[in-house]
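Accompanying notes for the structure given below.
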Amino acid sequence: MLENYLPILIFIGIGLVVGGGMIAAGFLLGPHKPDSEKLTSYECGFDAFEDARMKFDVRYYLVAILFIIFDLEIAFLFPWAVVLRDIGMFGFLAMVMFLGILVIGFIYEWKKGALQWE
Amino acid sequence: MSFEQILFYLFSGVLVLSAGAVITVRNPVHAAMFLVLCFVTTSALWLLLEAEFLAITLVLVYVGAVMVLFLFVVMMLDINLARMREGFARYLPIGGIVAATAVGIMGLAVGRINFGLDVWPAPPARAADYSNTRELGEQLYTTYVYPFEIASVVLLVAIVAAIALTLRTRPGTRYQKIEEQVVVKKSDRLRVVQLESEGRK
């Protein structure tokens, strides 16, 4: 079975070689003449006056967590779709119930306005 | 040493190094990126165990979704690094005890006694057309249907809890009301005014 994944391993290897090789080539071949002016921080002529990290609105977090939940739901759908012919009506109804319970949550978040952006 | 063993040691070496980097690098965003590398190498290890569906789900769910959430949390907390570093020596003994206990329990559970090759002989390698996803699906939706339905309830609870904790509506915001836009008639928006025509003066 593992031989099916050999192309992916080769891709990982090529990706590492190409990505690392470009950085290494730039590092080795490019000229390095640093001076104190080149090494100062530069932000449109000012000194950097703020940290790059700042507080986010919490509603991005809500979108992210709702995305995770429906991502998980989709992860459950893949094996179900593969074996749908073999598990018969029982398996089909099991997934209908699973999706039905999650649709309750979906209606709740829709009606609450969690999907609406202000 | 077979090729698969070399791959195993390669991936687990990267995994251990990046797991160490998660807790030692100073920048929390870099730590989250090393955690992504941890997940990817773990997925490679699971693939070596022929658990292909779980390996790909790990990348899909953890790298694709959970790490986005982690990065949001890291950004949202606005961590003061200097303040987090103090108290390291004070918490060292209790942290050491917790870590030693965890390592001990893990050693007992997955050590040589329970997981050696003499206890569980190595399963034969699967054929090229073997589908781990199919095997998983045949069990999950029939034998383990009850835990499967409980998973959906847990996800429902997660939806409700996330909305209850984080949803804030600001007063006075304007929404687009699509249903009103759709049912609007010509007479609601348009007024035809009859004017006397005027001659040129």
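By convention in this document, chain letters (A, B, ...) are assigned in the order of the sequence lines, proteins followed by strands, and residues within each chain are numbered from 1. Just so it is clear, the structure is predicted and the values come from calculations on it, not from any experiment.
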note = Note: vs chain B, highest number of non-hydrogen pairs under 4.5 angstrom among A/Val82, A/Ile8, A/Val83 is A/Val83
key: From A/Asn4 atom CG to B/Ser131 atom OG, the distance as rounded to the nearest 0.5 Å   = 10.5 Å
ask   = Say you draw a straight line from CD of A/Glu73 to CD1 of B/Ile159; how long is it, rounded to the nearest 0.5 Å?
value =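 Result: 8.0 Å between the selected atoms.
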Proximal component of [X], with respect to chain A [non-hydrogen, under 4.5 Å]:
{"X": "B/Phe3", "result": "side chain"}
{"X": "B/Thr57", "result": "side chain"}
{"X": "B/Tyr62", "result": "neither"}
{"X": "B/Leu7", "result": "side chain"}

ask   = Which residues from residues 140-147 of chain B are near chain A, with near meaning under 4.5 Å between non-hydrogen atoms?
value =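 Listed by number: B/Leu140, B/Tyr141, B/Thr142, B/Val145.
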Answer with side chain, backbone, both or neither: which region of [X] has an atom nearer than 4.5 Å to a non-hydrogen atom of chain B?
{"X": "A/Phe70", "result": "side chain"}
{"X": "A/Glu3", "result": "side chain"}
{"X": "A/Tyr61", "result": "both"}
{"X": "A/Tyr5", "result": "side chain"}
{"X": "A/Leu66", "result": "side chain"}

key: Pairs meeting criterion salt bridge (charged side-chain N to carboxylate O under 4.0 Å, His left out) with involvement of residues 132-153 of chain B, two or more places apart   = A/Asp86-B/Arg134
Atom of B/Gly64, atom of A/Phe67 and distance for their closest heavy-atom approach =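 Looking at all heavy atoms of both residues, the shortest contact is O-CE2, 4.0 Å.
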